[in-house]
Amino acid sequence: MRKVRVRFAPSPTGPLHIGGVRTALYNYLFAKKHGGDMLLRIEDTDSARFVPGAEEYIVESLNWLGIHIDEGIGARNEGKHAPYRQSERKAIYRKYVDKLLDGGLAYIAFDTPIELEAKRNEISNFQYDASTRGMMTNSLTLSAEDVANKIKCGEQYVVRVKIEPNQEIEIQDLIRGEVIVNSTVLDDKVLFKSSDELPTYHLANVVDDYLMEISHVIRGEEWLPSAPLHVLLYRYFGWTEVMPEFAHLPLLLKPDGNGKLSKRDGDRLGFPVFPLNWKDPKTGETSSGYREAGYFPEAVVNFLSLLGWNSGTEQEIFSMQELIEQFSLERVSKSGAKFDYEKGKWFNHKYIQSKSDLEIANLFQIILIEKGIKEHIEKVTKIVSLIKERVNFVTELWNQSSFFFVAPTEYDSKTIQKRWKAETPTQLIELVEVLKAVSDFAPEITEEIVKEWIAAKEYNLGGIMNAFRLSVVGEPKGPHMFDIIAIIGKDETIERIERAINTIKI
RNA sequence: GGUCCAUUCGUCUAUCGGUUAGGACGCCAGGUUUUCAUCCUGGAAAGAGGGGUUCGACUCCCCUAUGGACUACCA
């Protein structure tokens, strides 16, 4: 069996879409599972759609996710098939275009976009193919002399593949099985354009996959309709023996309604569709990314891996290593997967729980510093240990714990109504006295003493504790009271109770 | 319109001819908790429709319906 070599081949027309991320991930998992190589090739044959920064964004995204590139753009050593940017491979493609031209497998066409557009309006369902190429302006209808003249005069042209009608083309897809298409429905696709001397996707893709010795082409389902053309090109070039195997992945669909997941869905439904934040260099608009939204890359990888694939077991949490071990194209599903953002959150929740308090505390401290709060990591770690299980994201930690760092200035009015009785202030004054007498604020100690006092006075436990919480936290939320006061300390606790007594009026 | 692909709980999915159709997210209820959350337990929830094949079909075949992709000198 030949060495597994897969490629991820995005075009740098903007930020990498989450669907593209999954394609990259599946390629990576497949390659690593089989001890193969993962290549990153940039398909920038459309000079008009090139977006600066997009390539760097792609590399950074893959890095963040832990998808390591063995060869090509972003790899430590680029590799022996350099360059890996198609715009830098012009000379290579020209050679193969000529080969097709010489073999009569392609031809030169001079029809302008305007003329083509007119034809489409004139003939419904117009297709540039065997049935129509005879009435167009091309090297099949023009004399060799005319063609040479036109080119000499600088007239722009394209090279089109010449497709013979009525041939059955079969594609062996690793996910879908055998797909058969009749060549009559294919059109004479443009392979090369003289205007920028660059091939189109189809030619460049096939030539590069051949030259780069790609063994498996794993890409989105949107490519399935053009797969027959690619197979045909392998035949035309005489490369069928080394033609890669194909696997067309199901699409990622909108969470609601129908259709492919798009950037607009993210904006509309409020979740990221990109791995990293992206600032559009033209509009200046920023699109949010998973990294900045507070996701761990492991969670994104885990989440994405299960959108269209499953291990066949009931395991839900997978490390990258486990994914590599268990991944197989046979277990990739055939139908599109609706993107369920809620499940994505759950994955992050699982991952945040599995990390150490110290690790989370280090991340949280960055947020605290932004808030102007300086606190020892030991204390932050303790706080994290109390509130970690309540959150899905590191970014939610502040909301759940701000009262540890900043005393409440306002008190939740609903809770006042419910928990602040006429006798509460006098009881809290007593509580202050009780606490003042405690020297060690360890939770077990304060809890015992306070509860003893409540029992002795025959007060209502809930009544006292809820008012106590309102005074210290300001809201009816948070971990155990005695854990809270152990962290904020005796002086601060007493101060807060006194402030509440003086502030809350009923 | 044409070509191709697909179709199991709301969602992601298991099932590869014989199961009370399983799990997870979400939802609902109960429990735990001095609060909120977490957590635990339980519950509701599915084979698009119609024909075949078969002793027996979610599973195989056909038709219909529905959804999707593609249909550029974009990838």
Side-chain angles (χ1 to χ4, degrees), chain A residues 9-13 43-46 48-49 86 109 111-113 116-117 120 124-125 127-128 156-160 171 173 175-176 179-182 184-187 189-196 198-202 204-205 219-228 248 250-251 253 255-260 303 306-317 331 333-347 349 353 387-391 396 400 412 415 418-419 447 451 454 460-470 473 475-482:
Chain A
S11 54
T13 53
E43 309 225 326
D44 54 349
T45 50
D46 185 1
R49 290 210 309 161
Q86 291 185 330
D111 317 275
T112 65
L116 254 15
E117 186 55 35
R120 287 190 194 101
S124 64
N125 295 326
Q127 180 168 286
Y128 210 122
Q156 298 298 351
Y157 64 91
V158 297
V159 175
R160 285 180 182 272
I171 302 130
D173 187 282
I175 294 168
R176 282 150 221 284
V179 178
I180 299 170
V181 177
N182 191 294
T184 306
V185 304
L186 265 30
D187 64 333
K189 274 269 178 305
V190 170
L191 259 22
F192 180 87
K193 43 215 166 26
S194 68
S195 57
D196 57 6
L198 245 23
T200 60
Y201 170 84
H202 305 287
N205 192 265
R219 70 220 314 192
E221 193 186 341
E222 68 268 27
W223 293 110
L224 193 52
S226 49
H248 290 92
L251 264 15
L253 272 18
D256 59 343
N258 308 314
K260 213 159 74 157
F303 173 43
L306 259 19
L307 244 31
W309 171 86
N310 74 86
S311 68
T313 68
E314 282 177 1
Q315 185 176 350
E316 297 266 352
I317 303 296
R331 293 205 66 87
S333 46
K334 295 181 175 70
S335 51
K338 283 191 181 175
F339 191 80
D340 182 8
Y341 186 65
E342 287 303 318
K343 191 140 187 182
K345 288 200 236 174
W346 176 78
F347 276 108
H349 176 79
Q353 304 319 317
I387 56 170
K388 188 177 75 170
E389 65 183 14
R390 322 163 78 87
V391 301
E396 290 171 352
Q400 294 293 330
D412 183 64
T415 314
K418 200 172 160 194
R419 309 288 194 189
E447 175 159 15
K451 281 189 171 169
I454 291 170
N460 174 278
L461 179 74
I464 300 287
M465 293 308 296
N466 284 306
F468 186 16
R469 177 177 297 278
L470 183 63
V473 177
E475 289 175 77
K477 69 171 192 187
H480 286 284
M481 274 314 294
F482 300 102

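Reminder, nothing fancy here: chain letters follow the sequence lines and each chain counts from 1.
Between B:G51 and B:U20, the distance separating the two C1' atoms is 29 Å to the nearest Å. On the C1' atoms, B:G67 is 35 Å away from B:G42, given to the nearest whole Å. For the C1' atoms, the distance from B:C74 to B:C70 is 13 Å, rounded to whole Å. As rounded to the nearest Å, B:G23 and B:G49 have C1' atoms that lie 28 Å from one another. B:A24 and B:U34 are spaced 29 Å apart, taking the P atom of each and rounding to whole Å. Across B:U59 and B:U15, the matching C1' atoms stand 8 Å from one another, rounded to whole Å. Rounded to the nearest Å, the gap between the P atom of B:G68 and that of B:U54 is 37 Å. For B:C27 and B:U19, the C1' atoms lie 26 Å apart once the distance is rounded to whole Å.
In this structure, the CH2 atom of A:W346 is 10 Å from the C1' atom of B:G23, given to the nearest Å. B:G23 atom C1' lies 11 Å from atom CG of A:L306, rounded to whole Å. Atom CD1 of A:I387 is separated from atom C1' of B:U38 by 12 Å (rounded to the nearest Å). Taking atom CD on A:E475 and atom C1' on B:A37, their separation rounds to 12 Å, with Å as the unit. Distance A:K334 NZ to B:C12 P: 16 Å, rounded to the nearest Å. In this structure, CD1 of A:I175 is placed 11 Å from P of B:A6, rounded to the nearest angstrom. Distance A:F339 CZ to B:G26 C1': 15 Å, rounded to the nearest Å. A straight line from NZ of A:K338 to C1' of B:C12 spans 12 Å, rounded to a whole angstrom.
Here A:E396 pairs with A:V391, A:N392, A:F393 under the side chain to side chain contact (heavy atoms under 4.5 Å, CB included) rule; sequence neighbours left out. With sequence neighbours left out, A:F192 forms a ring-ring contact (aromatic ring centres under 6.0 Å, His included) with no residue at all. Residues satisfying the side chain to side chain contact (heavy atoms under 4.5 Å, CB included) criterion with A:E222, sequence neighbours excluded, are A:L251. Taking A:W223 as the reference, A:Y201 meet the ring-ring contact (aromatic ring centres under 6.0 Å, His included) condition, with sequence neighbours excluded. Residues that satisfy the salt bridge (Lys or Arg N to Asp or Glu O under 4.0 Å) test with A:K260, not counting sequence neighbours, are absent from this structure.
A sub-4.0 Å separation between OP1 or OP2 of B:G26 and a side-chain N or O of A:H349 is absent.
Between B:C4, B:A6, B:U34, one nucleotide has an atom nearer to the side chain of A:M465 than all others, and that is B:U34. If you check B:U3, B:U13, B:U15 against the side chain of A:R331, the one that comes closest is B:U15. Of the listed nucleotides (B:A6, B:C4, B:U34), B:C4 has the atom at the smallest distance from the side chain of A:V179.
Ion pairing between A:R49 and A:D46 holds under the 4.0 Å rule for side-chain N and carboxylate O.
B:A6 and B:U66 make up a base pair, with Watson-Crick or G-U wobble contacts both under 3.5 Å. With a cut-off of 3.5 Å on both Watson-Crick or G-U wobble distances, the partner of B:A29 is given as B:U41.
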Show your working on side chain to side chain contact (heavy atoms under 4.5 Å, CB included) between A:H480 and A:E447 and close with a plain yes or no.
-> CA-CA 10 Å; A:H480 286 284; A:E447 175 159 15; over 6 Å; no
Determine, step by step, whether A:T200 and A:K189 satisfy the side chain to side chain contact (heavy atoms under 4.5 Å, CB included) criterion, reporting the C-alpha distance in whole Å, the side-chain angles of both residues, the deciding distance to 0.1 Å, and the verdict.
-> CA-CA 9 Å; A:T200 60; A:K189 274 269 178 305; over 6 Å; no
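Residue contacts shown for A:H480 include a base, since a base heavy atom lies under 4.0 Å away.
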B/S/- along nucleotides 65-75 of chain B (protein heavy atoms under 4.0 Å) is --SSSS--BBB
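When the nearest nucleotides of RNA chain B are assigned to A:G344 and A:D340 by heavy-atom distance, the more 5′-ward of the two goes with A:D340.
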